[in-house]
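For reference, the structure discussed in these notes is given below.
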Amino acid sequence: MDLLIGTGNAGKLHEYEELLAGLPVRLLGLKDVGLGDMEVAEDATTLEENASLKVQAYSQASGLITLADDTGLFVDALGGEPGVYPARYGGPGLSSQQRRQKLLAALDGRVEAERSARFICVIALANPRTGRTETVRGVCEGRIALAESDGGSGFGYDAVFIPQGYDITWAHVPLAAKNAISHRGQAARLIIPMVRSLIEG
Ligand code: IMP
């Protein structure tokens, strides 16, 4: 059985390969089903609505059971910014590193205790046969580092996010440990039984 992950982001697809390893499915990314160029307008104001918009578009276009997620990054000292559109933070055309630098600049002068933040991930699951969509949500608390960490791995804001209980950024936390506590990991564990009942039903 194939399960489409509605992402073109190789880092995210790799995380899902680990997270869903126990499911009897073959994971496909958008490029694998010829949808690598498909744009879905994510113009809603909640993570649930945006994840649902994406998953419905991709499952209808592919005819496959599909997962799609939408993640927000909420920094308390910035009134909840970057919010539901972290990939757009700082304006159009910036690289991920430039967005990280914008975030650090916005928190300039704030001490560690004032840098609390959380990632929230909503995963939506769509059944193309019924058109039915379900969503789950995972949250990971942490803080924004004082500076970007060098080297390491990951994507997006990994090099500036320190999860609760750690003093290193996610860029330096091994993927298995990240998945055990991350917003996406928590949401994935909630969606696994729902995927299982869809493919078995
Ligand atoms: P998306 O909605 O999952 O595409 O996430 C939006 C943006 O949030 C991404 O472009 C990343 O910049 C950021 N993001 C999402 N998940 C993570 C993560 O696990 N680590 C770092 N950044 C993330």
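Note that the numbering runs from 1 along the sequence shown for the chain. As the structure lists them, so they are numbered: ligands from 1, and atoms in each ligand from 1.
The closest protein non-hydrogen atom to atom 11 (C) of ligand 1 is Gly156 CA, 3.9 Å. From the protein, the heavy atom lying nearest to atom 10 (O) of ligand 1 is Ala87 CB, 3.5 Å. Taking atom 13 (C) of ligand 1 as the reference point, the nearest protein heavy-atom neighbour is Tyr157 CD1, 3.9 Å. Of the protein's non-hydrogen atoms, Lys12 NZ, 3.4 Å is the one closest to atom 4 (O) of ligand 1. Protein heavy atom in closest approach to atom 7 (C) of ligand 1: Pro86 CG, 3.5 Å. Here the protein heavy atom with the shortest distance to atom 5 (O) of ligand 1 is Thr71 CB, 3.7 Å.
Using 4.0 Å as the threshold, Asp70 has a heavy atom nearer than that to some atom of ligand 1. Residue contact annotation: His183 has a non-hydrogen atom under 4.0 Å from ligand 1. For the pair Phe119 and ligand 1, a heavy-atom separation below 4.0 Å is found. Ligand 1 is never approached by Arg99 to a heavy-atom distance shorter than 4.0 Å.
For the pair Thr45/Val84, no side-chain contact is recorded, criterion being any heavy-atom separation below 4.5 Å from C-beta on.
When the side chain to side chain donor-acceptor pair (under 3.5 Å) test is applied to Arg129, no partner is found at least two apart in sequence or on another chain.
For Glu18 (side chain) and Glu15 (main-chain N/O), no donor-acceptor pair under 3.5 Å exists by modelled atom type. Of the possible polar contacts, none joining the Arg184 side chain to the Asn179 backbone as a donor-acceptor pair under 3.5 Å is found. The main-chain N or O of Ile120 is never found under 3.5 Å from a side-chain atom of Arg137 such that the two would form a donor-acceptor pair.
Atoms of ligand 1 lying under 4.0 Å from at least one heavy atom of Lys178, given by number and element, are 18 (C), 19 (O), 20 (N). Residue contact check: Asp69 has heavy atoms under 4.0 Å from atoms 3 (O) of ligand 1. Using a 4.0 Å cut-off to heavy atoms of Phe155, the atoms of ligand 1 that qualify are 16 (N), 17 (C), 18 (C), 19 (O), 20 (N), 21 (C), 22 (N), 23 (C).
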Query raised in the report: Under the side chain to side chain contact (heavy atoms under 4.5 Å, CB included) criterion, do Ile181 and Trp170 qualify, and how do the steps go?
Result: CA-CA 11 Å; Ile181 56 165; Trp170 258 341; 4.1 Å; yes
Report task. Starting from the C-alpha separation in whole Å, work towards a yes-or-no answer on side chain to side chain contact (heavy atoms under 4.5 Å, CB included) for Tyr85 and Asn50. Result -> CA-CA 10 Å; Tyr85 296 114; Asn50 280 322; 3.3 Å; yes
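Taking the six-membered ring for Trp and thresholds of 30 and 60 degrees, His183 and Phe119 have nearly parallel ring planes, at less than 30 degrees apart.
Looking at every heavy atom in both residues, Ala187 comes nearest to Cys121 through CB-O, 3.9 Å. Across every non-hydrogen atom of Arg196 and Pro24, the tightest pair is NH1-CD, 4.1 Å.
Between Trp170 and ligand 1, a contact under 3.5 Å exists for no N or O pair. At least one N or O atom of Arg184 sits closer than 3.5 Å to an N or O atom of ligand 1. The shortest N or O to N or O distance between Glu42 and ligand 1 is not below 3.5 Å.
Other members of the hydrophobic cluster containing Leu19, listed by chain and number, are Met1, Leu3, Ile5, Leu13, Tyr16, Leu20, Leu23, Val25, Leu27, Ile65, Leu67, Ile123, Leu125, Val136, Leu190, Ile191, Ile192, Met194, Val195, Leu198, Ile199; membership follows side-chain contacts under 4.5 Å among ILVMFWY residues, whether direct or relayed.
Of all the listed residues (Val84, Asp158, Val122, Asn50), Asp158 holds the heavy atom that lies closest to atom 21 (C) of ligand 1.
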